[in-house]
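Working notes, structure below.
It should be emphasised that the depicted structure is a prediction, and the values quoted were computed from it without experimental measurement. All ligand and atom numbering here is 1-based and tracks the order in the structure.
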Amino acid sequence: MMAKSSSSQKDILLYNTASRSLERLDWSEYRPVTIYTCGPTVYGEQHIGNYRTFVFEDVLVRLLKFLGIPLQRVMNITDVGHLTSDADSGEDKLEVGAQRDGITAWEVAKRYTEHFEADMRLLGVVWPDALVRATDTIDAQIGLIKALEEKGYTYIITDGVYFDTAKYPQYRDFAKLDVAGLDAGSRVEMGEKRNITDFALWKFSTEPGKRHMEWESPWGLGFPGWHIECSAIIKETLGNTIDIHCGGVDHIQVHHTNEVAQSEAAHGEILARIWMHGEFLLVDGGKMSKSLGNIYTLANLKAKGITAPAFRLFLARAHYRSKLNFTWEEAQIAQKQYDTLAAKALESAPQQSDIADQYIARAVAALAHDLNTAQVLAIGLEASKELEGGARTYALETIFTTLLGIHFSPGEVEEIPEQVQELARLRDQAREKGDWSTADTLRTKIESYGYDILDTKNESRIVKKVL
Ligand SMILES: [Zn+2]
């Protein structure tokens, strides 16, 4: 009997940040488990720390899918409003990116959304059911701010519309914030705000026309605060209350606390039943930083011979709630381990076997216990030693690829239809000949299939379009 049909294994325990405890996921085969995952801010290339979060979320999705649990997962693309400080000060990161790259904020958003998507393809993640740009939901964000205004949660100061956290007494509960400590430490940042924890819902354009991204609103020309997009997108796509909300630990204190306040104040219902947060990826024992020059991207890893699936193998070593330290030495060890596993997995065609199913059942049980990937990895390595031939391939493909998202054959990651690949080849030929109008027509055709072309210096890559 296949491991996946055992009902006891469909008990999933997840650590809920909101309650600080392990909780059983309440699911039913009659309605999808709704999952929202905070996405990238597309002002530059995402680094490997960002991908650690997106990979842990992918493992969660893979577990549910393997167990046949229906799910609906939405991710946002932050393409406006995220300021250089998470706490509403500084400049909009997209506008900063525009100055840096010498293009418009809209072009910056497009460029780095494509980078992000190409990376996610390399990592072999299960694509979210919807990937929603913040700039496509401005009306919904304005609607939510209006609802908060009608309920008396907002006030207006010189630079924007703010959420009054004093009117939402539960504000500090989620992150167990020491508001008194914040008050004492940050008085200088208060400005005209009434409380140190108050945050912007809508920011005014100080010099109309200077920003690339601004919209009309009932309060004047401007742009949304960073946090409101997630609350609005969740409401629009998944409803008032969702089952699981994920993100990085750095979001607990400000971004997620603010999401909870806005959504729950507006709707009078809890925003998410379970909150899951992935820990930081350290580099050489410390935080990644520009000054140390160690903010690595997948391209940096590739240049040193570390492939995306080997990086995922490296990530699987640690529990998502533990800090993990990246060093080149350890990454190279993971790469070697991956190469050995891939060679074994590709040796024979997969063949179901009862002994292999026992390994798989153990791996599923480990994953169902708050995503214990380190244990899954150990079980997978044991299976690779103890099993042989088709049974071994079957166990490795199920444990590593299906559950952990570590693909062994590179072709599996990109599932681009043959017609699209053919159109891309024709477009390359047209470009070589300098026939730009044919190249543009072909690009439009490719887009009609839901794909796009990312032209870089040396190659044209096919990427899936944002929904
Ligand atoms: Zn968010």
Side-chain angles (χ1 to χ4, degrees), residues 16-18 34-43 46 49-58 60-61 72-88 92-94 109 112-113 116 120 128-138 140-145 148 163 165 171 174-175 177 197 199-203 223-267 270-280 320 466-467:
N16 184 1
T17 305
T34 45
I35 305 175
Y36 183 80
T37 52
C38 289
T41 299
V42 287
Y43 70 109
Q46 299 295 301
N50 302 128
Y51 286 120
R52 184 180 185 203
T53 304
F54 302 142
V55 162
F56 113 72
E57 295 162 350
D58 185 54
L60 170 69
V61 165
Q72 199 184 355
R73 186 242 181 136
V74 174
M75 185 181 228
N76 66 312
I77 300 275
T78 298
D79 56 358
V80 69
H82 192 169
L83 304 187
T84 41
S85 151
D86 280 1
D88 302 323
D92 187 325
K93 289 185 176 186
L94 269 290
Y112 295 105
T113 300
F116 165 70
M120 292 288 267
D129 297 295
L131 201 50
V132 185
R133 289 187 199 92
T135 52
D136 284 339
T137 61
I138 299 295
Q141 296 178 57
I142 289 174
L144 189 53
I145 301 168
L148 289 167
F163 185 98
T165 53
Y171 183 80
F174 181 73
L177 286 182
T197 45
F199 55 93
L201 297 165
W202 188 262
K203 296 274 272 187
F223 57 100
W226 169 39
H227 319 291
I228 196 75
E229 69 182 70
C230 289
S231 288
I233 292 170
I234 291 170
K235 161 104 181 138
E236 289 292 299
T237 57
L238 301 170
N240 288 354
T241 301
I242 56 171
D243 292 300
I244 306 174
H245 194 312
C246 301
V249 279
D250 50 326
H251 285 345
I252 298 173
Q253 291 248 331
V254 178
H255 181 54
H256 287 167
T257 293
N258 293 351
E259 272 188 45
V260 168
Q262 295 163 159
S263 293
E264 301 190 1
H267 309 133
I270 67 158
L271 173 57
R273 296 187 180 95
I274 294 181
W275 285 83
M276 296 178 72
H277 291 99
E279 253 294 351
F280 281 120
Y320 73 96
V466 188
L467 294 173

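Aromatic pair Trp275/His255: centroids not less than 6.0 angstrom apart.
Residues Met75 and Phe54 are in side-chain contact: their nearest non-hydrogen atoms beyond the backbone lie under 4.5 Å apart. Taking the side chain as every heavy atom from C-beta outward, Tyr171 and Asn258 approach each other to under 4.5 Å.
His245 and Glu259 form a side-chain donor-acceptor contact under 3.5 Å, judged by distance and modelled atom types alone.
Here the side chain of Asp129 pairs a donor or acceptor atom with the backbone of Arg73 at under 3.5 angstrom.
For the side chain to side chain contact (heavy atoms under 4.5 Å, CB included) test, residues two or more places apart in sequence or in another chain that qualify with Ala109 are Val42, Asp79, Leu94, Met213.
With waters left out, the protein N, O or S atoms under 2.8 Å from the Zn ion (ligand 1) add up to 4.
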